[in-house]
Amino acid sequence: MANGEHREPRDALGAGPATGPRPRIGAARVALWLFAAVLAVRQVAVVLRTPEGERLTDLETWLGPDGVLHVKDSLYDADRFTGTPFAGLVLKPLARSGEQALGWAWTFGTLGLVVVLGLVAARALPQPLSRRTSLLAAPVAVSLLIVSLPVRNTLHLGQTSVIPVLLVLLGLFAVRGERTCGVLIGVGAALQPTMLLFAALLWCTGRRRAAVSTGAGFALCAALAWAAMPHDSWTYWFHHLAGAGLGADPDAAANQSLHGLLLRLGLRGPLETGLFLALGAAVVYAGLRRAVRYAKDGQLLLAVAITGCVAVAVSPTTWRHQLLWVLFAVVGRVGRRRSDRYVWPVAVVLVSTLPATMMLPNMPVTEPVRDNIALIAALAAAVAVPFLSRAHPQYQAPIPTQYATPVPARWRRVPLLPFWRRVLTRPNLLLELLLIRVGYSAYQQVRLAATGGTISGGRATAERHGEQIHSVERFLHIDIEHWVNHAVVKAGWPKEFFDFYYTSFHFVVPLGVLAVLYARRPAEYRWARSALGFATVLALVGFWAYPLAPPRLMPDLGFIDTVHGVQDFTKPNYGTLTDLTNQYAAMPSLHFGWSLWCGLVIAVLAPKGWMKALGLLHPLLTLSAIVATGNHWILDAAGGAVVVGAGFGLTHLLSGPRASRSREAAAGAQAPPVTGTTRGSAKDRSPS
């Protein structure tokens, strides 16, 4: 099954000569492998550049001069070793190796295992596969594994969590013979006992000899460990109930299991134990039933991923470096429409590669979800997500997406990306919310990184740039900020109005515009959203390249901070808001940029004149607010206008002009394909 794609005929691509698609696929494959190599080098460099006391900390705890594997007493006396007795038996000989040499070998060896894991997973994808998918799957799989949080944590800590996963995949997809398959999985279970669930999967799918071999391999390894370390084996299997409670803080967010979740909810004692066993039994029953069904359907890799996710949930302790099974669940297909197919893989990749704080805001109301987001993803894959069977009519042929007829541009090279077509239907809301949240988290991270990750890190540079901006404005005779700021303070009610406008409308209006477009004008939503995204990315470049102090943070110019009050410039943080974000990211002004985007979108798309005028009033009021409150220079607003214009320009350049009305585009989508005559008539429409 795993080698099915290599038996396809040579003309499987179906069209074009030998110089057509195949060379392009080959070039893409080479580029993806180079990308994977760059990621691998970067991860190794990050580990090796970390000071010795901060990298490979778990490995040092085990094998260092004072490591637990050197002691003659029990491995579990200090609660620093959480592995099985068999794992301790395997690792003990390494304790005599040279520490520095072992650290290098461990890092490169782990990386090699990750590459092998990606190759095996790529060859195990469910059939049928297009030739393009079969050729590009391996570098994509290796790249995803390298950037995933479990692998990064494994490399940083010096853990062994990749080995049980690799043993299971090798047993199921790479070796011949049921006995060899079972022995490999049994050894993996001896390292991580919940891997015994794969014996149940094998038994229920008819591979009973492999299931028996799994149990025999596990029993043999456990017996060897018991003979060599009887006291430790008794401690692990009976005193700690197969590892439950080993290690510090089992209720910490790093323990992504049902046991850890219940502990974080405040449950303790027999109630917690009973509830954990009941929930675990329910997850095992439901998850294994689904895994057996998909295995019999020919989606064995998906069945393996589901079983692994069950193991993640029901293990007493599942640390973050043991969550690789969640990433493998990306192979399942969800959704009947083609536009919905991206939701599940994008969600899995984001959960597996980004910290939980980037997925959800750091707010008390989101803590129950944020602290358990990896467990929630594992449970969803195990018991809830409706993966399609291969017999489903939409498995290979999802409901196609409706595209608008392309509007011809005035320039021959536009669009640069002709495959970026105008979609008429609205995108999946969950996917949009995920991307918006992750994009905003990246925006916050870049704002902080622009000054070295601290609020005060770039103060001197930002104030020097503030003096430069002030000098340029004086030369241009547009330095009105001080006069406007003090005039508003003296006037009274304008101060209250502009303070309210500055703090209230920055996020509300853009989100409101996006919501209305999503609900009423989905084709225009994509155009407007792309322009806003490009503008924000360009603004991040400005924050990074040119940290700038706003007028209110220039101590010698006498501005009044009307929003935060009097500032103490002897402290690194100024006002409450600076505890959350970098206040030296003032150029360009996204306060004005986002408001200008709102005004332009409303002016272009609103059906009535008064709506257009009201939309254009918003950037004017925002400009007045950012100047009156001392939060931006006039040139900051000019920078915001530049990035917004560039955002619309990039959208036009890459995807071509938008249709003047989405209903015209919808009518065009139902019309026959564009011919020479229709293409000429389309030019009569005014592209924008």
Side-chain angles (χ1 to χ4, degrees), residues 1-3 84-87 90 117 120-121 123-127 161-226 233 236-237 241-243 277 280-316 318 322 324-325 328-329 331-332 378 381-383 387 389:
M1 174 179 142
N3 297 323
T84 63
F86 180 71
V90 172
L117 185 62
V120 175
R123 294 182 64 84
L125 291 175
Q127 300 298 313
S161 52
V162 174
I163 297 176
V165 179
L166 180 58
L167 288 173
V168 170
L169 263 65
L170 287 175
L172 290 170
F173 299 108
V175 301
R176 295 179 180 271
E178 293 195 2
R179 289 182 179 176
T180 307
C181 163
V183 169
L184 286 175
I185 298 175
V187 175
L191 297 172
Q192 193 171 332
T194 48
M195 296 298 100
L196 280 175
L197 288 171
F198 286 97
L201 176 65
L202 291 170
W203 184 274
C204 295
T205 53
R207 303 180 65 179
R208 299 190 174 183
R209 181 176 297 178
V212 172
S213 298
T214 297
F218 168 78
L220 178 60
C221 293
L224 288 174
W226 198 291
S233 297
Y236 182 86
W237 292 111
L241 296 177
L277 293 176
V283 171
V284 168
Y285 176 76
L288 285 181
R289 282 194 63 183
R290 281 162 50 89
V292 170
R293 183 168 73 249
Y294 289 115
K296 292 180 178 179
D297 184 56
Q299 301 185 67
L300 184 55
L301 182 58
L302 176 59
V304 169
I306 291 174
T307 307
C309 289
V310 172
V312 164
V314 302
S315 176
T318 302
Q322 298 172 328
L324 269 177
W325 296 113
F328 288 124
V331 299
V383 301
F387 300 111
S389 68

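Under the 4.5 Å side-chain criterion, counting only non-hydrogen atoms from C-beta, W203 is not in contact with T214. At least one side-chain heavy atom of V304 sits under 4.5 Å from a side-chain heavy atom of F198. A 4.5 Å side-chain heavy-atom check between T307 and V168 finds every atom pair outside the cut-off. By the 4.5 Å heavy-atom criterion applied to side chains, L324 and L117 are counted as neighbours. With contacts defined as side-chain heavy-atom distances shorter than 4.5 Å, the pair L167/Q192 does not qualify. Side chains of Y294 and P126 form no contact here, defined as non-hydrogen atoms less than 4.5 Å apart. Within the 4.5 Å cutoff, no side-chain heavy atoms of L172 are placed close to those of V120.
In this structure, the separation between CG on L184 and CG on L166 is 9.0 Å, given to the nearest 0.5 Å. Atom CG in L224 sits 10.0 Å away from atom OG in S233 (nearest 0.5 Å). Taking CE of M195 as the reference point, atom CH2 of W325 lies at 5.5 Å (rounded to 0.5 Å). Note that CZ of R290 and CG of L302 are 8.0 Å apart. Values are rounded to the nearest 0.5 Å. The line from CG of L300 to CG of L125 is 11.5 Å long, rounded to the nearest 0.5 Å. Note that OG1 of T205 and CZ of R207 are 6.5 Å apart. Values are rounded to the nearest 0.5 Å.
For the pair R209 (side chain) and G177 (backbone), a donor-acceptor distance under 3.5 Å is absent.
Shortest non-hydrogen contact noted between T318 and A311 is OG1-O, 4.3 Å. Annotation for A121 and L169: closest pair CB-CD2, 4.1 Å, computed over non-hydrogen atoms. Taking each heavy atom of I306 and A382 in turn, the nearest pair found is CG2-O, 3.8 Å. The nearest pair of heavy atoms linking S161 to P164 is O-CD, 3.4 Å. The two residues C204 and V292 come nearest to each other via the heavy atoms CB-CG2, 3.5 Å. Minimum heavy-atom separation, C309 to A381: SG-CB, 3.9 Å.
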* To do: Could you go through the side-chain contact (heavy atoms from CB on, under 4.5 Å) check for I185 and F218 one step at a time?
  => CA-CA 8 Å; I185 298 175; F218 168 78; over 6 Å; no
* To do: Check the pair Q322 / S315 against side-chain contact (heavy atoms from CB on, under 4.5 Å), numbers first and verdict last.
  => CA-CA 10 Å; Q322 298 172 328; S315 176; 5.6 Å; no
* Under the side-chain contact (heavy atoms from CB on, under 4.5 Å) rule, what do V310 and T194 come out as? Steps first, then yes or no, please. => CA-CA 9 Å; V310 172; T194 48; over 6 Å; no
* Going through the checks in order, is the side-chain contact (heavy atoms from CB on, under 4.5 Å) test met by F86 and V187? -> CA-CA 9 Å; F86 180 71; V187 175; 4.2 Å; yes
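Under the rule for a side-chain hydrogen bond (donor to acceptor under 3.5 Å, both in side chains), R179 has no partner lying at least two apart in sequence or in another chain.
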